[in-house]
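A short write-up of the structure that comes next.
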There are 2 protein chains.
Amino acid sequence: MSKRATAREVAAAAGVSKWTVIRAFTPGASITEESRRRVLAAAEALNYTPNLLARSLATNFTHQVAVFVDDFANPQKLPFLEALTARLQAEGRVVMLININTQFDHVRALLNADQRQVDAVILFGTAFRDETLRDRKLSKGMPPLFVLARDSQIEGIPAVVCDAEVALRDIVSHLAGKGYRRPGFMAGAQVLSTALQRKHYFAHFWGRHGISVNTELSAHDYSWKAGARALHSYLATTPPAERIDVLMCENDILAMGALDVLRSDFGLRVPEDMAVLGFDNLELSATPAYSLTTYEQPLHSMVDAVVAMVTGELEAKTVAIAGQLILRATA
Amino acid sequence: MSKRATAREVAAAAGVSKWTVIRAFTPGASITEESRRRVLAAAEALNYTPNLLARSLATNFTHQVAVFVDDFANPQKLPFLEALTARLQAEGRVVMLININTQFDHVRALLNADQRQVDAVILFGTAFRDETLRDRKLSKGMPPLFVLARDSQIEGIPAVVCDAEVALRDIVSHLAGKGYRRPGFMAGAQVLSTALQRKHYFAHFWGRHGISVNTELSAHDYSWKAGARALHSYLATTPPAERIDVLMCENDILAMGALDVLRSDFGLRVPEDMAVLGFDNLELSATPAYSLTTYEQPLHSMVDAVVAMVTGELEAKTVAIAGQLILRATA
DNA sequence: AAGAAGCTTGCTACCGGTAGCAAGCGCTGC
DNA sequence: GCAGCGCTTGCTACCGGTAGCAAGCTTCTT
């Protein structure tokens with residue numbers, strides 16, 4: 001296989017200069033209809049299309065957006081990625097999916113994204129210490145950063161989040177109305193959990209009802225297994241009379257682990273013995289096997305907002321968008 | 001924010017030519033220790049790192065691999081993407097995640113990938129007609145194509161798949177041994193289904209036992225809802241006495257839909273009234289809520305193989321790797 | 001008919017690297 | 001003292017586009 005055709009080759013074939021070839025491919029450029037026809041015919045014959053790499057180098061605009069992800073255990077990432085890629089592609093951008101892990105951490109990934117001259121970086125729900133970015137972000141020429149689905153505590157880095165305050169207010173108000181009085185919270189990975197603020201507002205709104213949240217389970221990460229393990233050890237060490245009557249899990253995948261342990265390992269009834277709530281509304285949360293009461297994040301609004309900020313249509317500042325409480329059988 | 005520093009600026013600061021700067025960043029280049037020290041110090045001060053875009057243009061090697069995905073409903077994509085990104089990043093490559101949909105089809109995506117000069121394209125379980133690629137692939141300069149997790153019927157385009165023949169042989173042999181005699185198959189989206197060959201081998205191995213597979217349900221796509229709907233209409237129109245006694249679903253997500261319909265909508269027992277099998281072994285398939293008997297694809301071996309082909313360490317030719325039957329409660 | 005204005009085209013310079021040639025330099029050997 | 005060698009360094013040319021100036025040609029105005 002030979003290489004791609006270049007503008008120069010097309011120019012030779014069409015009997016014009018390479019700049020005229022470029023103009024035929026530049027909308028709004030000054031070129032006669034006649035020249036355009038000849039160039040396009042020659043381009044067609046040679047199978048020519050402009051080289052976007054060269055264009056990017058010259059324009060400082062790659063039309064690539066890096067998306068950082070560090071947790072692939074939560075199935076919720078998938079619909080988000082679907083929407084993100086679809087929306088960005090509709091805007092002529094393309095997603096570079098970066099797996100943040102111990103081998104390839106945030107600093108290295110940011111450096112790499114910078115070297116590749118991406119137009120923007122979206123930190124999609126990744127767990128990092130804000131300090132990590134504080135020095136880096138000031139470095140000249142870095143692509144703009146956006147945080148999606150977690151809070152950003154750094155001045156100047158905008159975040160697009162599901163409004164945790166509204167969400168937890170609705171949730172707690174529903175639970176208090178149903179008569180629950182001994183609430184507990186299950187959190188996932190420490191660093192991210194803080195940035196989600198769900199625990200904070202959960203306790204805050206129970207406080208308004210004169211009830212304090214004393215039980216806090218922590219799962220090691222956001223996975224079914226971690227959720228199951230955390231609740232298992234709680235149930236194993238807490239006598240029935242002292243147990244909470246409702247458990248708010250930081251997301252659905254933790255809630256599923258909790259539900260399975262309640263029902264299968266301990267033979268308890270949900271919601272009679274203990275109610276359970278999640279957060280995300282996964283496809284499988286709606287199934288009769290779980291029928292999980294949960295809170296749906298405004299996925300499309302969130303993605304639209306972050307994409308609009310990336311393209312510059314929307315001012316880059318933190319926005320919190322309200323989601324929707326989905327009432328089902330578990331609470 | 002000003003722009004990134006360039007080799008020329010570092011050169012001026014270090015009092016050498018820009019080529020010496022480049023050499024300081026090129027492993028194995030001919031440069032004195034003294035020069036390298038001075039260049040690296042200047043680079044450090046100016047926060048210089050080589051521009052990979054410019055390097056890519058000059059070397060015709062972007063270290064980017066496009067991964068095409070057209071079905072985000074199957075949670076199984078996520079662990080695959082995790083492994084793919086991690087392995088490729090370990091090899092110094094980066095993944096461009098392309099969402100194939102009606103707005104952005106295979107042809108457009110391939111053209112775009114070509115224009116961006118990616119080193120390779122991985123078609124990850126996408127449903128396309130082989131004819132679509134037949135003309136394109138011959139076009140000069142196209143990046144090499146690899147098919148992951150589905151078969152390629154095109155000469156010269158290698159595929160990395162879970163060995164369907166071995167898988168279905170094991171499955172059918174297990175089912176026949178358990179005494180099942182009226183097998184049915186549930187397939188997903190037509191085009192992809194053919195390329196998975198699961199239905200084919202399922203019928204083939206039952207044939208060896210003198211049993212033909214007469215019941216074929218087709219789901220509209222690979223989603224819980226589609227699986228539920230397909231089985232629902234089958235059960236609604238088929239009297240109990242005429243029903244199959246075991247249902248092989250093309251993947252776990254379809255099987256989950258089927259299981260929920262069996263138990264919740266029709267009050268049937270699994271596996272007594274009907275056994276169910278899936279394919280993939282999702283995290284949630286292992287939960288007590290489903291406890292689905294399924295077949296696990298050799299995810300890591302498959303990813304290793306395709307990555308090795310991309311990097312050229314492994315000869316690019318179709319390989320089928322055996323997975324593992326996971327026995328649980330539903331069959 | 002001459003000058004002004006407008007459109008089209010080709011040109012130089014540049015984006016930030018890479019490849020490989022050739023000159024400069026120090027060192028060795030005779 | 002000089003040829004010969006090897007290492008280091010700078011150079012030209014190039015990757016395939018973009019930006020914007022200036023020349024050439026029409027067309028319009030007076």
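In what follows, every chain begins at residue 1, and chains take the letters A, B, ... in the order their sequences are listed. Nothing here was measured: the structure is a model prediction, and the numbers come from that model.
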Using the C1' atoms of five pairs at each end, what's the angle between the two axes of the helix from C:dA1-D:dT30 to C:dC30-D:dG1, to 10 degrees? 50°

To the nearest Å, give me how far apart CD (B:Glu9) and C1' (C:dG17) are. 14 Å

Are OP1 or OP2 of C:dG10 and a side-chain N or O of A:Thr20 less than 4.0 angstrom apart? yes

Report the nucleotide, chosen from D:dG17, C:dG10, C:dG17, that has the shortest atom-to-atom distance to any side-chain atom of A:Lys18. D:dG17

Say whether B:His63 and B:Ser56, considering side chains only, have a donor N or O and an acceptor N or O under 3.5 Å apart. no

Could you please name the option among C:dC15, C:dG17, D:dG10 that lies closest to any side-chain atom of B:Arg8? C:dC15

Between D:dG17, D:dG10, C:dT9, which nucleotide gets closest to the side-chain atoms of A:Pro50? D:dG17

For B:Leu57, report the nucleic acid contact type (base, sugar-phosphate, nothing); a contact means any heavy atom under 4.0 Å. base

Tell me the side-chain hydrogen bond (donor to acceptor under 3.5 Å, both in side chains) pairs involving residues 65-80 of chain A, sequence neighbours left out? A:Asn74-A:Asp280

Just call it for B:Phe61: base, sugar-phosphate, or nothing, with non-hydrogen atoms closer than 4.0 Å on any strand. nothing

Can you tell me how far CZ of B:Phe124 sits from CG of B:Leu97, rounded to the nearest 0.5 angstrom? 10.0 Å

Would you check if the side chain of A:Thr85 reaches a backbone N or O of A:Leu81 as a donor-acceptor pair within less than 3.5 Å? yes

Please classify the nucleic acid contact of B:Thr26 as base, sugar-phosphate, or nothing, using heavy-atom distances under 4.0 Å. nothing

Scan A:Ser35 against the nucleic acid and name what it touches under 4.0 Å (heavy atoms): base, sugar-phosphate only, or nothing. sugar-phosphate

Specify the separation, in whole Å, of atom CD of A:Glu33 and atom P of C:dT9. 11 Å

Rounding to an integer number of Å, can you tell me how far A:Asn51 CG sits from C:dC15 P? 18 Å

Rounded to the Å, how far apart are B:Leu53 CG and C:dG17 C1'? 10 Å

Answer yes or no on whether B:Arg150 is positioned over the face of B:Phe128, meaning its NZ or CZ is under 6.0 Å from the six-membered ring centre and within 45° of the axis. yes

In residues 14-27 of chain B, what donor-acceptor pairs under 3.5 Å come from side-chain atoms, sequence neighbours left out?
| unit_1 | atom_1 | unit_2 | atom_2 | d |
| --- | --- | --- | --- | --- |
| B:Ser17 | OG | B:Thr20 | OG1 | 3.4 |
| B:Thr26 | OG1 | B:Ile22 | O | 2.8 |

Side-chain donor-acceptor pairs of residues 314-321 of chain A under 3.5 Å, sequence neighbours excluded:
| unit_1 | atom_1 | unit_2 | atom_2 | d |
| --- | --- | --- | --- | --- |
| A:Thr318 | OG1 | A:Ala159 | N | 3.1 |

Could you verify whether a donor N or O on one side chain and an acceptor N or O on the other, from A:Asn99 and B:Gln89, lie under 3.5 Å apart? no

Can you tell me which nucleotide in D:dG16, C:dG17, C:dT9 comes closest to the side chain of A:Lys3? D:dG16

A:Ser17 has a side chain; which of C:dG10, C:dG17, D:dG17 sits nearest to it? C:dG10

Could A:Arg87 and A:Glu91 be called an ion pair, given the rule that one side-chain N must be under 4.0 Å from one carboxylate O? yes

Between B:Thr6 and C:dG17, is there a side-chain N or O to OP1/OP2 distance below 4.0 Å? no

Where is the tightest heavy-atom contact between B:Phe72 and A:Leu78, given as atom of each residue plus distance? O-CG, 3.4 Å

Here the gap from B:Ile157 atom CD1 to B:Phe146 atom CZ, rounded to the nearest 0.5 Å, amounts to 10.0 Å

Considering only nitrogen or oxygen atoms on both sides, find all protein atoms under 3.5 Å from nucleotides 19-25 of chain D and state each distance.
| unit_1 | atom_1 | unit_2 | atom_2 | d |
| --- | --- | --- | --- | --- |
| D:dA19 | N6 | A:Trp19 | NE1 | 3.3 |

Do any N or O atoms from the side chain of A:Arg116 and from the backbone of B:Thr62 form a donor-acceptor pair under 3.5 angstrom? yes

N/O contacts under 3.5 Å, protein versus nucleotides 4-7 of chain D?
none

